[in-house]
Amino acid sequence: KVVVKTQLLYNTSLPCLGESTPWFAEQIKIASDGQLRFKLFDPGKLVPPMEILESVSKGRINAGSTAAGFWAGKIPAAPLFSSVPFGPEAPEYVAWLLEGNGMKLYQEMYDQAGYNVKVLPMAIIAPETAGWYTKEVNSPEDLKGLTMRFYGLGGQVMQKLGVNVTLLPPGEIFPALEKKAIDATEFSMPSLDKNLGFYKVCKYNYYPGWHQQATITELLINKDFWNKKLNDSQRKLIELTCMATVLKILAKGEATQAAIIRSNAEKHGVKNMYYSKQMLDTFRKAWEEVAKEQAEKDAFFKKAYEDLTEFRKNYSTWSRLGFLPRDTGAE
Amino acid sequence: MEVEHILVIAMFLTFIGLLFTGFPIAFVLGGVAMLYSLVGYLADIYLDTATGLDFNMIGMVVNRIYKLMSNWVLVAIPMFVFMGLMLDHSGIAERMMKNMQDLFGKVRGGLAITVALIGIILAASTGIIGASVVLLGVLSLPAMLRQGYSKTLALGTVAASGTLGILIPPSIMLVIMADQLSLSVGDLFMGAVFPGVILGALYIAYILITGLVKPQSAPLSPELRPLNMKVFIDVLKTIIPPAGLILLVLGSIFAGMTTPTEASGVGALGAMLLAAYNKRLSFKVIKQVTIDTFKTTGYIFGIFVGATCFALVLRLLGGDELIENALTGLPLGPYGIVAVILAVVFLLGFFLDWIEISLIILPLLAPVIKSLGFEIDGYGVVDNPELVWFTILVAVTLQTSFLTPPVGFAIFFLQGVAPKECTLMDTYKGVIPFVILQVTGLALVTLWPQLAVWLPAIAYD
Amino acid sequence: MDSNNTKAPEITRKMDNFITRVGHITAWLNVVLIAVIIVQVVLRYAFEMGMVSLEEMQWHLYAVLIMLGLSYDVVHDGHIRLDLLHRKFSKRTKERVEFFGLLFLVAPMVVVIFIHGLDYVGTSIRVGESSDSPLGLPYRWIIKSFIPISMALLGVATVSRMIRAAKTAFCKS
Ligand code: NA
Ligand code: NA
């Protein structure tokens, strides 16, 4: 019987992202007839969220359920494996990871940075909202001087447009909004944002989620533990269950947003907004600059980003022909 | 009983035993953690347990200490301590206390009520027990004792008023609890308002009654002047600058203009400017205040460091499961289980600070509470009203446990700044009436959940 | 410093003075911290400029203050005790408590945190760790190195205090 001590980053009561690992652990337990168990520790219980990578690598905990975007300070390329502004949607992202070079590069990134971890995808969710504001954002001018909570590469884009970007953990966002320490925030999908109560303070909820069209979370397992403490069948079981969890959470996320968006508007007086073409072009242009700067600064970022770009260029032939034109919120 | 559970209980008992040797609490917490990580390691080898503890595992304390160091919210602690000590060393605090007393005229206990009111205001600003209690103690104890207050009343008032800080919003504790339970922080803030105000009112009523029943414990100031226009203006002149500073600091937080950290820095600068205005600012005073601030924050964070080590090892030994199993197996009704849970929280509050308890206990308890099926009306606005209510109950309970002998964080912090003639025993005696008031407040919120749920419902409708 | 320090061995006096001097210099960071907060407030409210790096500078200063305070409070007896029984102990008993407490409770903590702390700093240097925010401070290893530094100082304070305690606790006067 093997027990895998696993530190979570997302609270288990958070929809989708938080639900993924408990569901995963439950399936593993049943499928292994109780012989393989993931013992989950709520956020901060053993080590704080930002310390999970290092603690798994050193073998202090066997595994961690996290997202690569949190390691930007240690590995500049890491956010590319969590979500990319104007990046791929969920099917394309999964295609790059599983059929393209994505997972290979993902693992190589941790190896090269000297972290002794095995990485597997834990969940994927489709677009996030583009953020919650107390006033309308009609032109790039409206962004200047705002203080906003923003995560990852999208945060660097906002920084370029004159926003004071701060990064707060989920629990501190609402009080900061309420105290006007920040004027606006983004966090995640509508059903996750609802849990944090943004609709009570910010009445303008913007779409589309240009900064996170899809977001991937990860399961990190200490490599020595992976290689030595698990047998072939257990390793295969974990890999397969990860795939199942990715699909399960994608389905869950897709199924549950619409009702929340409508109730935001009908019950709480939230205005659901769609960014103008001018705004989206502005974001895109700023993102291209950020991507270029990052690639100049960090070799592995360059390598991974070029590979993703190449994959997407190839994919676009298919996506342009294969899909029906889309009815968006734009007027 | 499993070997791990015996280890958990033994760890608690060792900790309590060593506390009574009088060795610094910070190091008793940290040291017991180190000893029991060795015990866990040996138990794995010889007693076939599965704690997984070893030298590598215990290295997690470093990750946890770094989290403590990088906590921007807690930056307010040294700053509020600096502000309080500066007001004290420059003699401003004492004069303010003395003059406020004049405003209360012939009301016995006027100074203690002043302290309670300032405590409640201060509470609202910091939300950090250590900082509130220390600041309040430094500001008011010398003045109260000089006026002949009984030591027990003075110490009890300061300890109790200082702990209100973790309850009255903006409260860091409520922020962390909301994070743990995925509740809205706004709901918890609003939910804590009535219980906090009720407790403050109970304190003041108690002080007034004590003044009537035992006048010698709350004497009037010997230099009390009759309250005429001239005195009134005199008093205002000395009170307005420091009171203005405190109101500025608090007001800017409440009005949503600044964060507590910003306000604390402005407050510290303001205290220096006030001292300069009163011609009491010198290099010597600044140096003394910085050193005393350094010393005070040193022992506050010593306890944080020790507690984070202790909680980790306790958890790795399986302390969490021990608690969870014990609770779910209880043959009691819903209110019985809530009572037991609160009793456990209360006891844990003796040993662990609220951060650890919010992290260890609350996530374990939330599913239990939800399954009990309390029907509490959230007016269609408040999500999970039963959890909001329960969390407020836990918050009041924790506040009480910090006040309760023998091991209360507020008591220890207060002891660190109390004048030499105040013994720990005096503080113990002083807090007992306030603990009774706390229990009263807790009972009210238990019986009328609307005290916690109604305000969040209307505030965000 | 208590009075028996005057009779204490020369070496402990040197160690204590060292800790005290480090403490008194560090204490001035409180004033620096006030200045940094004020600068940030002015920039934010007067010029509508938020600066993540200033915010990070604040907790950097705070972190140094809280970590170095540990050793200072050992030398200057600043740590909080449960003095219910302790008050009634004889001088000799008190010093015995101190000696064994430092040996069995503080020393293991110092060793464990120091060794793992060094390793922690090493990792930070190896990956060239910087802030997780785009405009935060670089060189995280600097602030992280205050974990082993604070433990080294706590070690010095512990040894010094143990020598002083041993004198009263075990030597016949
Ligand atoms: Na996000
Ligand atoms: Na508060």
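Each chain gets a letter, A, B and so on, in the order its sequence line appears, and its residues count up from 1. Since we're looking at a predicted model, the values are computed, not measured.
Heavy atoms closer than 4.5 Å to chain B are found in the side chain of C:Q40, but not in its backbone. Residue C:F100: no heavy atom, backbone or side chain, is found under 4.5 Å from chain B. With a threshold of 4.5 angstrom between heavy atoms, C:L154 approaches chain B through side-chain atoms but not through N, CA, C or O. Only the side chain of C:M67 comes within less than 4.5 Å of a heavy atom in chain B; its backbone stays farther off. Proximity to chain B is absent for every atom of C:L61, based on heavy atoms less than 4.5 angstrom apart. Looking at B:L35, the atoms closer than 4.5 Å to chain C (heavy atoms on both sides) all sit in the side chain, from C-beta outward.
Heavy-atom pairs under 4.5 Å with chain B were tallied for C:E55, C:H60, C:E56, C:H24; the largest tally goes to C:E55. Chain C forms more heavy-atom pairs under 4.5 Å with one residue of B:L38, B:V61, B:N56, B:T296 than with any other, namely B:N56. When C:V74, C:D77, C:T93, C:L102 are compared by the number of non-hydrogen pairs under 4.5 Å with chain B, C:L102 comes out ahead. Counting heavy-atom pairs closer than 4.5 Å to chain C, the top-ranked of the candidates B:T297, B:V289, B:T290 is B:T290.
Contacts between residues 25-37 of chain C and chain B, counted as heavy-atom pairs separated by less than 4.5 Å, involve C:T26, C:A27, C:W28, C:N30, C:V31, C:L33, C:I34, C:I37.
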Listing, residues 12-34 of chain B side-chain donor-acceptor contacts under 3.5 Å, not counting sequence neighbours, or none:
unit_1: B:T14; atom_1: OG1; unit_2: B:A10; atom_2: O; d: 2.6
unit_1: B:T14; atom_1: OG1; unit_2: B:Y36; atom_2: OH; d: 2.6
unit_1: B:T21; atom_1: OG1; unit_2: B:L18; atom_2: O; d: 2.5
unit_1: B:T21; atom_1: OG1; unit_2: B:F23; atom_2: N; d: 3.3

Test side chain to side chain contact (heavy atoms under 4.5 Å, CB included) applied to C:I66 and B:F304, step by step
CA-CA 10 Å; C:I66 62 168; B:F304 270 88; over 6 Å; no
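In the displayed structure, C:Y139 atom OH is contacted under 6.0 Å by at most 12 heavy atoms of other residues, nucleotides or ligands. By the 6.0 Å contact criterion, OH on B:Y41 is open, its count of non-hydrogen atoms from other residues, nucleotides or ligands being 12 or less. Counting non-hydrogen atoms of other residues, nucleotides and ligands closer than 6.0 Å to CE of C:M57 gives a total of 12 or fewer.
Annotation: the span from B:C309 atom SG to C:I113 atom CD1 amounts to 4.5 Å, rounded to 0.5 Å.
B:V62 pairs with exactly one of C:M151, C:H116, C:K144 by the side chain to side chain contact (heavy atoms under 4.5 Å, CB included) rule, that one being C:H116.
In this structure, B:D54 has no salt bridge (charged side-chain N to carboxylate O under 4.0 Å, His left out) partners at least two apart in sequence or on a different chain.
Contacts classified as salt bridge (charged side-chain N to carboxylate O under 4.0 Å, His left out) and involving residues 96-121 of chain C (residues at least two apart or in different chains) are given here: A:K58-C:D119, C:R81-C:E98.
Here the side chains of B:M69 and C:V64 are not in contact, with every heavy-atom distance at 4.5 Å or above. Here the side chains of C:L65 and B:F301 are not in contact, with every heavy-atom distance at 4.5 Å or above. Using a 4.5 Å heavy-atom threshold, the side chains of B:N63 and C:Y120 count as touching.
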